[in-house]
Undergrad: 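Below you will find the structure I want to go over with you.
Just so you know, these numbers come straight off a predicted model, no measurement behind them. So you know, we letter chains A, B, ... as the sequences are listed, proteins then strands, and number each from 1.
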Amino acid sequence: MELNPQQKAAVAYDGAHVLVLAGAGTGKTRTIIGRARHLLEQGVDPGRILMLTFTRRAAREMVQRLTQLTGQEQLPLMAGTFHHFCLYTMRRMPAAFGVANATVIDRDDQVQLMKLVRGGRRRKGEQLPRASELVSLCSYARNTNQRIADYLKRYTEHDEATIEKICRLAKEFERRKRANDYLDYDDILFVFASRLQADSALRQRLKSLFDHILVDEMQDTNPLQWLILDGLRDPARLFCVGDDAQSIYAFRGADFRNVHAFTRRVPNAAVLRLEENYRSTQGILDLSNWLLTASPLKYGKKLRAHRKTVSKPSLLDFDSDFEEARWIAHDLIERHEAGADWRDHMVITRTGYGARALESFLVEQKIPYRFVGGTSLMQAAHVKDLLSLVRACASPRDELAWARYLTLWPRIGDVTAARAIREMRTCSDTRAAIASLAKILKARRDVSDGLSAVLGDWNDPPAAITRAGHYLAPILKTRYSNWNQRRRDLDLLARLAKRHRSLVAFIETYTLDPVSVTESRRLQGEDAVTLTTVHSAKGTEAPVCYLIRVEPGMYPHIRSLGREDDEEEERRILYVAMTRARDELILTRCLRNGGFRRSPYSVSVAPDREREAYFFKDLDRRLINSEAITAYFDRSDDYGALHPDDDDW
DNA sequence: GAAGCGTTATACTAT
DNA sequence: ATAACGCTTC
């Protein structure tokens with residue numbers, strides 16, 4: 001593995017702590033891997049290295065590459081996300097953290113629980129935010145380590161009475177989570193960080209586990225995650241890599257002070273820089289640099305291409321997202337027929353919703369693709385139905401799982417389910433709960449039989465999943481019209497379960513690391529186009545990148561308008577998207593309305609404001625391929641053949 | 001009173 | 001695609 005002098009300096013840095021500022025495409029991953037390899041060569045025990053990445057995928061890739069490099073079969077180093085690491089550690093010391101029987105819940109469950117806490121319908125003109133908004137507020141306050149009241153007063157415009165009400169609901173939400181033995185994503189970090197801070201004996205014990213902590217994507221860590229790093233360092237040494245121009249998770253509490261204030265917080269730390277870009281052509285970087293220069297914030301960053309080729313990005317205009325999608329599908333097929341692999345192409349979208357038209361074309365044209373960041377397998381309704389049965393078996397106190405499972409059955413609705421759940425709450429284990437349930441629903445033996453059946457296969461995850469599937473099939477068949485498609489997901493679930501020893505661990509793994517439906521349906525390594533959201537594209541690259549819907553209302557996204565910080569984050573999102581491309585960057589957009597299924601936002605919210613804020617409003621045309629612009633003004637040519645009369649859609 | 005059914009609103013990013 | 005809502009049915 002070749003390293004340039006800057007990378008070498010970082011890899012071999014010998015002081016206590018270091019922050020590596022690495023621009024897009026400057027070999028960040030390579031440098032972290034190089035660092036780990038260097039440490040191993042120095043004789044550091046792999047078990048004493050902790051690698052924290054932003055996604056499980058990134059962790060897997062790094063360990064894989066490192067394993068190849070070192071020629072070892074298995075490297076017992078700990079690599080994963082902050083959430084993964086914290087949960088793993090807490091599971092091994094349940095008493096110290098008080099999370100012995102916890103069920104990990106995802107965002108959907110949080111919202112569901114909040115609905116129960118908040119109470120039903122939202123009347124017109126009501127000040128109180130909806131449940132999903134309440135969850136976001138709580139989550140943000142938690143991750144930025146502030147009291148929810150302070151956060152609401154400082155950064156929102158709710159009146160005092162509403163703030164008080166929200167605080168009461170937040171408190172009740174916390175109480176309800178504890179009553180159900182739930183741990184949400186935020187709790188995982190919060191409980192870990194608080195115990196780490198409060199219990200000095202525990203802190204010493206955890207500190208003694210590692211000598212080196214390697215952190216990727218430092219700019220997207222939040223204050224809670226900083227507390228964790230802070231609690232674990234010294235004698236352990238921090239090696240943090242990040243780029244403030246690529247900070248795109250502020251909405252989740254990420255705080256790039258973790259980068260900017262690093263040397264102030266860690267006095268004996270050094271800052272190193274990686275500046276040479278190995279990924280893209282200068283043409284792609286020129287446009288990316290231009291975007292940052294146009295910002296009121298001074299990023300003080302100019303990416304230089306190491307490569308000699310200069311290919312300008314193209315910008316193509318279409319009348320609708322429908323035509324845009326058709327053109328891309330056509331272009332992909334053309335390139336594939338000319339000998340290119342599908343996998344060399346990545347389509348990047350701001351929102352999952354924005355890729356709907358394209359997705360339908362990919363399916364229709366039978367172009368193999370995987371959608372990273374699309375609907376996750378675990379969020380599909382039928383999968384949740386099945387998992388509710390498994391989760392109900394795991395914990396008599398998991399009220400969301402019980403409610404979902406019970407109301408699947410005909411003639412059992414909210415009220416009956418709630419009554420049964422109240423009764424079972426007092427039961428100490430699942431067997432007792434099932435017995436109690438059988439008593440309440442005398443005539444409904446099938447309801448409790450399903451639970452007993454799954455319990456019977458409890459220690460054989462794939463068998464239990466399969467059994468649960470068989471048990472629920474008759475009900476699900478009547479519930480979902482496309483049952484035959486959906487049942488395949490349940491088979492897939494059983495196959496995924498094979499890799500896990502316990503059902504709880506299985507569910508937990510995929511709750512923390514969601515698999516997208518298209519991703520999991522495809523076999524690993526199969527040649528396919530990648531369709532991804534910008535956020536999920538972070539850290540990845542492809543020779544050919546299509547950046548779709550680069551239009552007013554999307555960049556910056558309409559929901560960010562009016563809040564300066566949010567609009568600036570949108571700029572970085574576009575920057576991250578553009579810097580994924582190696583050889584070719586193709587930007588597409590539709591400036592005119594009248595497309596197929598326009599988003600309701602684009603019409604209802606001030607279009608002037610959208611256009612005014614649009615990042616390409618004053619685009620320097622010299623930065624993009626002029627032929628592409630011609631194609632927009634004179635659209636009678638080539639791809640015209642593809643759409644004869646397309647109004648029949 | 002509880003469950004079921006048809007219609008309508010809603011949709012940014014995600015560990 | 002899904003959930004919530006309002007109305008009908010048991």
Undergrad: Which atom pairs link the protein and nucleotides 4-7 of chain B when you take only N or O atoms and keep those under 3.5 Å?
TA:
unit_1, atom_1, unit_2, atom_2, d
dG4(B), OP1, Arg411(A), N, 2.4

Undergrad: Taking 5.5 Å and 30° as the limits, would you call His557(A) and the base of dC12(B) a stacked pair?
TA: yes
Undergrad: Among Asp255(A), Asp186(A), Thr221(A), exactly one meets side-chain hydrogen bond (donor to acceptor under 3.5 Å, both in side chains) together with Asn143(A). Which residue is that?
TA: Asp186(A)
Undergrad: Given dC12(B), is OP1 or OP2 found less than 4.0 Å from the side-chain N or O atoms of Arg559(A)?
TA: yes
Undergrad: Of the listed nucleotides (dA3(C), dT13(B), dA14(B)), which one gets closest to any side-chain atom of Arg404(A)?
TA: dA3(C)
Undergrad: For residues Tyr140(A) and Tyr151(A), establish whether the separation of their ring centroids is below 6.0 Å.
TA: yes
Undergrad: Counting just side-chain N and O atoms, does Ser536(A) come under 4.0 Å of either OP1 or OP2 of dA14(B)?
TA: yes
Undergrad: List the atom pairs, with distances to 0.1 Å, where a side-chain N or O of residues 238-251 of chain A and a protein N or O form a donor-acceptor pair under 3.5 Å, not counting sequence neighbours.
TA:
unit_1, atom_1, unit_2, atom_2, d
Asp243(A), OD1, Ala245(A), N, 3.1
Asp243(A), OD1, Lys301(A), NZ, 2.8
Asp243(A), OD2, Gln246(A), NE2, 2.8
Asp244(A), OD2, His260(A), NE2, 2.8
Gln246(A), OE1, Arg580(A), NH2, 3.1
Tyr249(A), OH, His535(A), O, 3.4

Undergrad: By the 4.0 Å heavy-atom rule, please label Arg486(A) as base, sugar-phosphate, or nothing.
TA: sugar-phosphate
Undergrad: Could you check how far CG of Asp385(A) sits from C1' of dT2(C), rounded to whole Å?
TA: 12 Å
Undergrad: Could you state the atom-to-atom distance from CD1 of Ile548(A) to P of dC12(B) in whole Å?
TA: 16 Å
Undergrad: Categorize Arg56(A) for me: base, sugar-phosphate, or nothing, with a 4.0 angstrom heavy-atom threshold over every strand shown.
TA: nothing
Undergrad: Quick test of the criterion, 5.5 Å between centres and less than 30° between planes. Is Phe54(A) stacked on dT15(B) or not?
TA: no
Undergrad: Give a yes/no answer on whether the side chain of Arg350(A) brings an N or O atom under 4.0 Å of OP1 or OP2 in dA11(B).
TA: no
Undergrad: State which of dT13(B), dA4(C), dA2(B) makes the closest approach to the side chain of Gln112(A).
TA: dA4(C)
Undergrad: Whole Å only: how far is the CZ atom of Phe251(A) from the C1' atom of dC12(B)?
TA: 8 Å
Undergrad: What is the distance from NZ of Lys115(A) to P of dC5(C), rounded to the nearest Å?
TA: 8 Å
Undergrad: How many Å lie between CZ on Arg130(A) and P on dT10(B), as a whole number?
TA: 7 Å
Undergrad: What does Asp414(A) touch in the nucleic acid at a heavy-atom separation under 4.0 angstrom: a base, only the sugar-phosphate, or nothing?
TA: sugar-phosphate
Undergrad: With respect to the phosphate group of dA14(B), does any side-chain polar atom (N or O) of Thr533(A) fall under 4.0 Å of OP1 or OP2?
TA: yes
Undergrad: Considering only dA2(B), dA11(B), dT15(B), which nucleotide approaches the side chain of Thr416(A) most closely?
TA: dA2(B)
Undergrad: Please classify the nucleic acid contact of Gly352(A) as base, sugar-phosphate, or nothing, using heavy-atom distances under 4.0 Å.
TA: sugar-phosphate
Undergrad: Look at all strands and tell whether Phe82(A) reaches a base, only sugar-phosphate, or nothing, counting heavy atoms closer than 4.0 Å.
TA: nothing
